[in-house]
Amino acid sequence: MKVVIFSRVSTAIQDYQRQTDELNEYASKMGYEVAGVFEEKISGAKKNEERIVLMDMMKFIKQNKVEKVLTWELSRIGR
């Protein structure tokens with residue numbers, strides 16, 4: 001199954017590396033093919049149009065027929 005990983009933190013001083021690492025580990029255990037990793041540092045309360053990484057991920061999903069988005073929790077995608 002083709003998946004992408006999406007990690008987000010709200011501020012520039014925070015780090016999303018733990019989210020990405022754990023999601024990569026999960027994908028490996030599940031036998032998923034990670035087609036892309038998308039990481040952003042921006043408030044989830046921002047409008048989608050202001051979130052360049054989120055918009056890039058959505059475009060990538062459509063172009064590459066990705067089946068799942070792996071994220072640490074739903075609030076990482078938006079509020």
Side-chain angles (χ1 to χ4, degrees):
M1 177 175 295
K2 191 185 290 189
V3 302
V4 294
I5 289 174
F6 181 78
S7 300
R8 182 187 64 78
V9 291
S10 299
T11 66
I13 61 171
Q14 292 175 305
D15 185 24
Y16 42 64
Q17 194 60 53
R18 187 180 113 238
Q19 292 176 40
T20 301
D21 290 346
E22 290 184 9
L23 292 167
N24 267 311
E25 184 179 323
Y26 175 76
S28 178
K29 286 180 183 177
M30 297 300 292
Y32 295 156
E33 172 194 348
V34 177
V37 175
F38 297 86
E39 301 167 319
E40 69 177 353
K41 292 185 177 193
I42 191 168
S43 171
K46 296 278 187 183
K47 293 181 180 181
N48 287 349
E49 296 78 24
E50 298 176 78
R51 297 177 58 195
I52 295 168
V53 174
L54 178 65
M55 294 291 92
D56 287 347
M57 181 184 73
M58 297 301 290
K59 185 177 180 180
F60 183 88
I61 287 168
K62 291 176 186 176
Q63 291 174 343
N64 294 280
K65 299 180 181 172
V66 172
E67 297 176 71
K68 284 188 182 199
V69 175
L70 302 182
T71 190
W72 182 249
E73 61 183 46
L74 190 55
S75 69
R76 301 299 86 203
I77 295 177
R79 301 236 174 241

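Keep in mind that this is a model prediction, so the values were computed, not measured.
- Residues Leu54 and Phe6 meet the side-chain proximity criterion, which asks for heavy atoms closer than 4.5 Å.
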query = Could you go step by step and tell me if Gln19 and Val9 meet the side chain to side chain contact (heavy atoms under 4.5 Å, CB included) rule?
reply = CA-CA 9 Å; Gln19 292 176 40; Val9 291; 3.7 Å; yes
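- The stretch residues 33-46 participates, sequence neighbours left out, in these salt bridge (Lys or Arg N to Asp or Glu O under 4.0 Å) pairs: Glu40-Arg51.
- Every pair tested for ring pair (Phe, Tyr, Trp, His ring centres under 6.0 Å) that includes a residue from residues 8-30 fails, sequence neighbours excluded, so the list is empty.
- Qualifying salt bridge (Lys or Arg N to Asp or Glu O under 4.0 Å) partners for Glu50, counting only residues two or more places apart in sequence or in other chains: none.
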List the atom pairs, with distances to 0.1 Å, where a side-chain N or O of residues 56-68 and a protein N or O form a donor-acceptor pair under 3.5 Å, not counting sequence neighbours.
from, atom 1, to, atom 2, distance (Å)
Asn64, ND2, Phe60, O, 2.9
Glu67, OE2, Lys2, N, 3.4
Lys68, NZ, Tyr32, OH, 3.4

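- For the salt bridge (Lys or Arg N to Asp or Glu O under 4.0 Å) condition, the pairs that include at least one residue of residues 20-29, sequence neighbours left out, are Arg18-Glu22, Glu25-Lys29.
- Residues Leu70 and Val3 approach most closely at CD1-CG2, 4.0 Å, considering heavy atoms.
- Nearest heavy-atom pair across Val4 and Phe38 is CG1-CE1, 3.9 Å.
- Note on Leu23 and Val37: same hydrophobic cluster, where clusters join Ile, Leu, Val, Met, Phe, Trp and Tyr whose side-chain heavy atoms are under 4.5 Å apart, directly or indirectly.
- Separation of atoms CG (Asn24) and CD1 (Ile5) is listed at 3.5 Å; rounding is to 0.5 Å.
- The side chain to side chain contact (heavy atoms under 4.5 Å, CB included) test applied to Thr11 returns Ile13, Gln14, not counting sequence neighbours.
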